[in-house]
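One structure is given below, encoded as structure tokens.
Both counts, for ligands and for their atoms, begin at 1 and track the order of listing.
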Amino acid sequence: MTDVRHLEQTIEAGRILPVVVLPDAAAADGLAGALLAGGLRSVEVTFRTDAAPDAIRAMARRDELLVGAGTVTRVEQVDQAVAAGARFVVSPGFSVRVVERCQALGVPVFPGVATGTEIQMALDAGLTTVKFFPAEQLGGAPMIKALSAPYANVRFIPTGGVTTRNLADYLGLKSVLAVGGTWMVAPDLLAAEDWAEVTARTAAALKEAATC
Ligand SMILES: O=C[C@H](O)COP(=O)(O)O
Ligand SMILES: CC(=O)C(=O)O
């Protein structure tokens, strides 16, 4: 059983959760090294490609990196993710079945929410940290601020359209645990295995986040 508080503290320390879509698991170790070199200690590897389980397995070998699974929409993906070494699970939406499977396995889960209804589903399931997705399209930081009024104990991980341009708007909110995004692990960088640029963007993002 993973200590959720400790895990959330690790994610909150960097305040950035890179969302990785990796076409080929062969690039996973290079990517892990690039993120660590940039100063990041947590990453979400999405099940948007078949490479996800092998990529998670490869990245989870690095003890200093907290590796989670993203875009987990089905129960069998929870099992695959956990078997590969994922320490947390993220979904773009709220699935009762996915949440219950994670809870049965003792794996922290951050379901996606877009409305008060979904936040209440999370609260009913005993969860107080959720992904807010797709953040910019849903109204961005002002929307989170509005939702935080009635749901004062909920922490959000906004993802979707977050970049260095609007990072501070989100991280300025107490209710935001961290922001998720792809800008430091953009598909063109991963395809080119441009680890120097991944490290540079990661370090720049962390530097900016530290000022918020
Ligand atoms: O795939 C990841 C999420 O959809 C967020 O993507 P984005 O940071 O490129 O908007
Ligand atoms: C949106 C997101 O983070 C996910 O697909 O899990």
Per-atom filter on ligand 2: closer than 4.0 angstrom to a heavy atom of Gly70 are 6 (O)
(request) Decide yes or no for Leu7 and Leu66: does some side-chain heavy atom of the first lie under 4.5 Å from some side-chain heavy atom of the second? (result) yes
Any heavy atom of Thr159 under 4.0 Å from ligand 1? The part involved is side chain
Please indicate whether any nitrogen or oxygen in Glu44 is less than 3.5 Å from any nitrogen or oxygen in ligand 2.
yes
min-distance protein heavy atom vs atom 3 (O) of ligand 2 -> Lys131 NZ, 2.4 Å
Under 4.0 Å between heavy atoms, the region of Glu136 that gets near ligand 1 turns out to be neither
For Ser175 and Ser148 the tightest heavy-atom approach is OG-OG, 3.0 Å
Side chain to side chain contact (heavy atoms under 4.5 Å, CB included) test vs Ile119 passes for just one of Tyr151, Phe132, Phe94, namely Tyr151
salt_bridge(Glu118, Lys131) N-O dist < 4.0 Å: no
Practice prompt. Indicate yes or no: does Arg61 engage Asp29 in a salt bridge with an N to O separation below 4.0 Å.
Written response: no
Short N or O distance, Thr71 and ligand 2, threshold 3.5 Å exclusive: yes
Going by the 4.0 angstrom heavy-atom rule, the piece of Ser91 near ligand 2 is backbone
Contact region, Trp183 to ligand 1, non-hydrogen atoms below 4.0 Å, reads neither
Should Val90 be listed as contacting ligand 2, given a heavy-atom distance under 4.0 Å as the test? yes
Does Arg155 pair with Glu12 as a salt bridge, N-O distance under 4.0 Å? yes
- State plainly whether the residues Glu100 and Arg97 are in salt-bridge range, i.e. N to O under 4.0 Å. no
**Prompt:** If you measure from each heavy atom of Gly180 to ligand 2, is any distance below 4.0 Å?
**Reply:** no
| said: Under 3.5 Å, is there a donor on one side chain and an acceptor on the other for Thr10 and Arg41? | reply: no
Under 4.0 Å from one or more heavy atoms of Arg48, ligand 2 contributes atoms 1 (C), 2 (C), 4 (C), 5 (O)
